[in-house]
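In what follows, a single structure is set out as structure tokens and then discussed.
No experiment lies behind these values; they were computed from the predicted model shown. Values below: every heavy atom of this structure, side chains too, minus hydrogens, waters and symmetry copies.
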Amino acid sequence: MREAIESMVIAAIEDAVDAGELELVEIPEPSVERPRDPAHGDWATTVALKCAKAAGMPPRQVAQIVAGRLADHPDIASVEVAGPGFINLRLSPTALQRVVRHVRQADSKLGSSDSGAGRRVQVEFVSANPVGPMHVGHGRWAALGDSVARLLAHTGWSVEREFYVNDAGVQMDLFARSVSARYLEFCGSDEPFPEDGYQGSYIKEIAREIFDAEGTCWLDASAASREEYFREKAYAQVLEHLKRVLHDFGVDFDVWFSERRLHAASADGGPCEIDTAIEELRERGHVYDHEGAVWFRSTAFGDDKDRVLVKADGSYTYFAADIAYHKDKFDRGFDRVINIWGADHHGYVARMQAAVAALGHEGQLDIVIGQLVNLFRNGEAVRMSKRTGEMVTFEELVEEVGADAARYWFLRRSTDQQVDFDIAVAKEQSADNPVYYVQYAHARICSILRKAAEEAGENPDAAVDDVVAALALDEADLAPLDSEAELALMRELDRFGEVIDVAARELAPYKLTRYVEELAASFHQFYTVCRVIDPDAPDLTRARLFAVDATRRALRCALGLLGVGAPERM
RNA sequence: GCCCUCUUAGCUCAGCGGAUAGAGCGUCUGCCUCCGGAGCAGAAGGCCGCAGGUUCGAGUCCUGCAGAGGGCGCCA
């Protein structure tokens, strides 16, 4: 609709210029926007304010000239010049009714576009260390990354979801020693627990499982071989656990990328990917040697200081592995790469961007930094210490509040806002909880449609899509939809595509949560004012059923992009 | 010390350089003989952290200051 209004405005200006009423060397930007105040109409343009100077006329006079030419358009119900020179437009009922028809036909493709043009984008998110359960912060990244992926797919990108598994660092060895120590405790040994080992009870559980299955057979093995075995055993268990918890949350990754791959020699025995990446940077002139270490000149790309890639003792830094990882991503042919990182990694952004630029991919990496999650229960902070083992894990949270409510709460805030997550509120099925407010609107519509089917002698207990098909609403005449509540609902539906565009462009699903709440509100308002099923007015009933069904599809589509269910009954 | 983010109603937050700054919760008042009251309507509640600047126009852009959170490693 925005494009239609824009071209309408441009046409009006051109027309005025041709008629000699306006003197303009060039046609200005149409500057179309939606007024905040509905009293100012559906659309407004500030074009008269912007080009008054160039036209040598007062803005209001320019506005009058342009407005006069817009008034005749069939999609425009009224035009008025307001304030210093705003031109306010109100859409005709016909134009809005056309929108409803479009919404219903587009169905699950509503708001989709080809702005991605099939380009390949990778979204990497969560990437929790595989040494224990995920914390609730990971849940936010899971919800966010998955919804961003859905939005990008909806707008024409070819999307892959990836989880980077940090399975090569020293934390894996500590993990192994921790499990091993707990195992030895079960065997009755008085071996001391590693000083900085992982304290969580899950470590004991893993050790217990191994002990129950294999007995004391590892008691006398060398520490090295025991830890090697325990590391791989425990790692596999944790990885399976992560996959399952994420899957239950509705998030499935296309690729689980093992960091070990970066450290391994190539198939033909050549250098590993990290060495290859460092070599490439060296060839491009961005690497130097200093005090026995190998450095990346990241300051040449805007970083605060240069960074070490290979330490004096010959081992790689984490950063070196990350550079190799990002080189690997781009080598796989992605046009664009998106990383979703927690706020605790933001100091890392500059050097990563520098490395990607040095590899020749400047501008192809987006790093979304998300603020943390503060957990509450009835207003009281819940501690999340990883060390004490008292933390509420992501899995426990989902189990308690449900995947839909958890996802919705995680997505509701803009990324750079901390999320205050109150467990008690999120699980409450009441008006305090926006996810139920929205789902209720959907369920309520389904209920109306079932009722209509029942009165038409159709089976109301079928799936709602089938119920609607049986009602055969396609030929409904929408002309009766002209009351204020109906027009307001249709206006809200008209915003759908714009919201999707913005949310996808800004990688900001929270924009969609806000919209879907407003759409649900428009529906509830409509519902209280307009009785849908009225046996005395069959044409009006059919038109309203049509509009209500369009709303249902829009709600379902939006919730789907958020990864939240649209229940037909609650 | 340096860098990043945040600061808008009692609380939690929206707000693309435009008009009288919005929503939910909380508080107060109304609305079910009727399709789901998990709903709707109304009221009260604001020097948009402070001070400058740019602009016809600033909550929005720039600079400085203050407060809150996070980050700074040849750790991962």
- prompt: Between G46(B) and G36(B), how far is it from one P atom to the other, in whole Å?
  reply: 41 Å
[N] [atom2] sits how many Å from [X] [atom1], rounded?
X: Tyr440(A); N: G37(B); atom1: OH; atom2: C1'; answer: 6 Å
X: Arg514(A); N: C13(B); atom1: CZ; atom2: C1'; answer: 6 Å
X: Leu49(A); N: C56(B); atom1: CG; atom2: P; answer: 13 Å
X: Asn433(A); N: U12(B); atom1: CG; atom2: C1'; answer: 13 Å

- request: Spell out yes or no: do the side chain of Asp173(A) and the base of A76(B) have one donor N/O and one acceptor N/O closer than 3.5 Å?
  value: no
query: Looking only at N and O atoms, is any donor in the side chain of His346(A) or the base of G71(B) less than 3.5 Å from an acceptor on the other one?
result: no
- request: Using a strict 4.0 Å threshold on nitrogen-to-oxygen distance, state whether Asp322(A) and Arg351(A) make a salt bridge.
  value: no
- prompt: So, Asp173(A) and Arg177(A), do they make that salt bridge, N to O below 4.0 Å?
  reply: no
When all nucleic acid strands are considered with a 4.0 Å heavy-atom cut-off, which category describes [X]: base, sugar-phosphate, or nothing?
X: Asp344(A); value: sugar-phosphate
X: Cys446(A); value: nothing
X: Ala350(A); value: nothing
X: Ala441(A); value: nothing
X: Asp167(A); value: nothing
X: Ala343(A); value: sugar-phosphate
X: Arg544(A); value: nothing
X: Glu517(A); value: nothing
X: Tyr510(A); value: sugar-phosphate
X: Arg412(A); value: nothing

message: Ring centres within less than 5.5 Å and planes less than 30° apart: is that true of Tyr348(A) and G71(B) in this structure?
response: no
Consider the side chain of [X], meaning its heavy atoms from C-beta on, and name the nucleotide among [options] that approaches it most closely.
X: Arg531(A); options: C13(B), C35(B), C40(B); answer: C35(B)
X: Arg413(A); options: A76(B), C13(B), G18(B); answer: C13(B)
X: Arg569(A); options: A14(B), G36(B), G15(B); answer: G36(B)
X: Tyr437(A); options: A38(B), G39(B), G73(B); answer: G39(B)
X: Val308(A); options: A14(B), C74(B), A76(B); answer: C74(B)
X: His40(A); options: C74(B), A14(B), A19(B); answer: A19(B)

Has [X] got a side-chain N or O lying under 4.0 Å from the OP1 or OP2 atom of [N]?
X: Arg351(A); N: G73(B); result: yes
X: Lys305(A); N: C2(B); result: no
X: Lys311(A); N: A76(B); result: yes
X: Thr528(A); N: A41(B); result: no
X: Gln525(A); N: A41(B); result: yes

query: Which heavy atom of Ser127(A) sits nearest a heavy atom of Glu124(A), and at what distance?
result: OG-OE2, 2.7 Å
- prompt: Nearest nucleotide by nearest heavy atom, which residue falls closer to the 5' end of RNA chain B, His290(A) or Tyr527(A)?
  reply: Tyr527(A)
- request: Return the 5'-most residue of the pair Val32(A), Ala443(A) with respect to RNA chain B, ranking by each residue's nearest nucleotide.
  value: Val32(A)
task: Tell me, please, whether Trp295(A) has Arg307(A) positioned over its six-membered ring: NZ or CZ under 6.0 Å from the ring centre and within 45 degrees of its axis?
output: no
field: NZ or CZ of Arg495(A) within 45° of Tyr515(A) ring axis and under 6.0 Å
entry: no
task: Give the C-alpha distance, both sets of side-chain angles, the deciding distance and a yes or no for side chain to side chain donor-acceptor pair (under 3.5 Å) between Trp409(A) and Asn433(A).
output: CA-CA 9 Å; Trp409(A) 278 93; Asn433(A) 196 342; 3.0 Å; yes
- prompt: In Watson-Crick or G-U wobble terms, both distances under 3.5 Å, what is the partner of G17(B)?
  reply: none
query: In terms of base orientation, is C32(B) syn or anti, with the syn window spanning 90° either side of 0?
result: syn
query: For the side chain of Asp167(A) and the backbone of Ser258(A), is there at least one donor-acceptor N/O pair under 3.5 Å apart?
result: no
